[in-house]
Amino acid sequence: MRRSLAILTVLTSGALTAGAVAVLAPGANAATTLGAAAAEKGRYFGTAVAAYKLSDPVYSGILDREFTSVTPENEMKWDATEPTQGTFTFTSADTIVNRAIANGQKVRGHALAWHSQQPGWAQNLSGTALRNAMVNHVTRVATHYRGKIDSWDVVNEAFADGSTGARRDSNLQRTGNDWIEVAFRAARAADPAAKLCYNDYNTDGQNAKSNAVYAMVSDFKARGVPIDCVGFQSHFNAQSPLPSDYQANLQRFADLGLDVQITELDIEGSGTTQANTYAAATRACLAVTRCNGITVWGIRDTDSWRASGTPLLFDGNGNPKAAYTAVLNTLGGTTTSPSPSQSSASPSPSVSQPPGTRSCAATVAINAWTGGFVATVKVTAGATALTGWTAAVTLPSGSAVTNTWNATASGSTATVSFTNVGYNGPVPAAGTTEFGFQGTGPAPSTTATCTAR
Ligand code: G3I
């Protein structure tokens, strides 16, 4: 595969040489939900679900419309499923699982063995008694759900934060370093069809913690310990931003010969910044062939474990946010009608703009290979904030745009115009926003023009 990278910035300027191109009509037959759009990319789009919220029609309505996978948020944890040693309670988890299966949704099981959310009796065990209790728990729960689970988080959060690369100290860890592989072998024996995942946070970029997980997974693969996937929780905020090497990190795990999944995505913030970060995380998964799907950790902001950070795709009233549209567009889908958040952010074509005050530049980065390319375009506002923008890119004869994210493509000749979608039209003075498109045929020109509104 040949790859080339070229970057060129062009301020508003004249048109370039024409060549014949074909552009798929924007929105034609495009999926209109997260789940349908992800499915067209061969992936699921899931959410964490709380059993007690299923009677809320707004909640369950969004769940059934948008999501193709569910993860019980708390109902499968050790304290929930085995509150008394040897006595198992599956009622709440069964409600979620059976409902999901009836609706054709996949189920991610979460979590069989974890240092947290242990019932009191387990917290008080140690040594062989705890090891045996852990194996029995994994076996009983995985057996109960045999055949119903797409992927299990077999072991959750077993590594320490920081630079040591060490295992997290816990009662489970103190039963012996082999407790993780023992849990995986028990899970495989109980449910041979489920994908078995290791799941953790702060492992989303390359760092000491993810390096330690990488070493463990490499060792498991080398020794034949059953493991099929690694889950990257992806809880992002200002203190823990989306790492710049997120995609590369997902890819290096995939290159070990297993699947990767984004398992608990949430991104604190609001507006364009939050939307752009969600789009970037989504793009990373789409760019990694073995990234099976994305799960967001809740539906509405008010459902989140950190609700004050408004980290999810729907607001407290169940309305889709800019972040929702960004994810949907990145997946190749489109909204059927403007959402409330979009319409408030969209520029109105009938509003006259003060002439000459707004300007923008478009920076094009091309990643090309024989027969195809991906273009990433950065739009930068001049000294005055934008209400909208259009970037025009010239394609050579034989090129075709097949997919656009975070912009709407139009034009059937050589110059293809990409106009902002609702949430990324407004760009602050000197601020930036990005969109991209994918195509077949020869790589396009690295020149672009930007028209400001
Ligand atoms: O159900 C009880 C309720 O009866 C009681 O009145 C109330 C008082 O605190 O607690 C309720 O249970 C809480 C439960 O969430 C349901 O809301 C627990 O205290 C609380 O600890 C629990 O928090 C969960 C947390 O994991 C700890 O298990 C969050 O909902 C859940 O989102 C969070 O999820 C974790 C993943 O499992 C692993 N990765 C990190 C992620 C976020 O922390």
Side-chain angles (χ1 to χ4, degrees), residues 46-56 59 63 67 69-83 89-97 107-123 134 137-138 141 145 149 151-161 167-168 170-173 180 183 196-205 209-210 213 229-240 242 260-269 281 293-314 316:
T47 180
V49 167
Y52 74 91
K53 293 177 182 166
L54 290 170
S55 57
D56 174 346
Y59 184 85
L63 171 61
F67 296 99
S69 174
V70 305
T71 305
E73 185 173 1
N74 289 300
E75 291 77 357
M76 287 180 166
K77 292 173 180 175
W78 199 347
D79 60 349
T81 49
E82 196 181 359
T89 57
F90 294 118
T91 312
S92 295
D94 282 354
T95 300
I96 296 173
V97 171
V107 180
R108 293 198 80 264
H110 174 82
L112 291 171
W114 188 22
H115 69 275
S116 185
Q117 298 298 114
Q118 293 182 5
W121 63 264
Q123 293 175 38
M134 183 274 286
H137 180 77
V138 170
V141 177
Y145 289 109
I149 304 296
S151 304
W152 262 116
D153 290 332
V154 178
V155 170
N156 196 39
E157 302 175 2
F159 282 81
D161 292 312
R167 294 280 184 87
R168 174 194 297 278
S170 72
N171 60 349
L172 289 169
Q173 181 62 30
I180 297 179
L196 306 182
C197 306
Y198 176 77
N199 190 53
D200 214 329
Y201 67 91
N202 282 352
T203 50
D204 311 301
K209 188 174 178 180
S210 66
V213 175
C229 40
V230 177
F232 298 84
Q233 293 187 9
S234 307
H235 295 292
F236 298 128
N237 60 16
Q239 292 71 44
S240 180
L242 176 76
V260 296
Q261 302 176 357
I262 297 175
T263 52
E264 303 182 15
L265 180 63
D266 54 18
I267 302 169
E268 292 189 324
I294 298 172
T295 296
V296 288
W297 206 239
I299 296 178
R300 300 162 300 195
D301 283 335
T302 44
D303 299 317
S304 172
W305 66 294
R306 46 183 187 175
S308 64
T310 61
L312 294 174
L313 300 178
F314 296 86

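First listed ligand is number 1; within each ligand, the first listed atom is number 1.
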Original post:
Any non-hydrogen protein atom below 4.0 Å of atom 36 (C) of ligand 1?
Top reply: yes
Original post:
Which residue supplies the protein heavy atom nearest to atom 41 (C) of ligand 1, what is that atom called, and how far is it?
Top reply: E264 OE1, 3.3 Å
Original post:
Heavy-atom distance under 4.5 Å between the side chains of P119 and D79, does that happen here?
Top reply: yes
Original post:
Out of Q117, R306, K77, H110, who gets a non-hydrogen atom closest to atom 26 (O) of ligand 1?
Top reply: K77
Original post:
So which bit of N156 gets within less than 4.0 Å of ligand 1, heavy atoms only: side chain, backbone, both or neither?
Top reply: side chain
Original post:
Has the side chain of H137 got a donor or acceptor atom that lies under 3.5 Å from a matching backbone atom of A113?
Top reply: no
Original post:
Any idea which protein heavy atom is nearest atom 34 (O) of ligand 1, and the distance to it?
Top reply: W297 NE1, 3.2 Å
Original post:
Is Y201 touching ligand 1 with its side chain, its backbone, both, or neither, if touching means heavy atoms under 4.0 Å apart?
Top reply: neither
**OP:** Determine whether M76 and V97 make a side-chain contact, defined as any pair of heavy atoms from C-beta on separated by less than 4.5 Å.
**Re:** yes
Original post:
Would you say W114 touches ligand 1, if touching means a heavy atom closer than 4.0 Å?
Top reply: yes
Original post:
Going by heavy atoms in the side chains, are W78 and Q123 under 4.5 Å from each other?
Top reply: no
Subject >> Residue list, ring-ring contact (aromatic ring centres under 6.0 Å, His included) with F90, at least two apart or on another chain >> reply: F88, H144, Y145
Original post:
Of the choices Q233, E157, E73, which has the non-hydrogen atom that lies closest to atom 31 (C) of ligand 1?
Top reply: E73
Subject >> Criterion side chain to side chain donor-acceptor pair (under 3.5 Å) against R108, the qualifying member of T295, T263, D153 >> reply: D153
Original post:
Side-chain contact, heavy-atom cut-off 4.5 Å: D301 with S304?
Top reply: no
Original post:
atom 24 (C) of ligand 1: which protein heavy atom is closest, and how many Å away?
Top reply: N74 OD1, 3.2 Å
**OP:** Would you mind listing which atoms of ligand 1 come within a distance below 4.0 Å of any non-hydrogen atom of H235?
**Re:** 40 (C), 41 (C)
Original post:
Hey, is atom 10 (O) of ligand 1 under 4.0 Å from any protein heavy atom?
Top reply: no
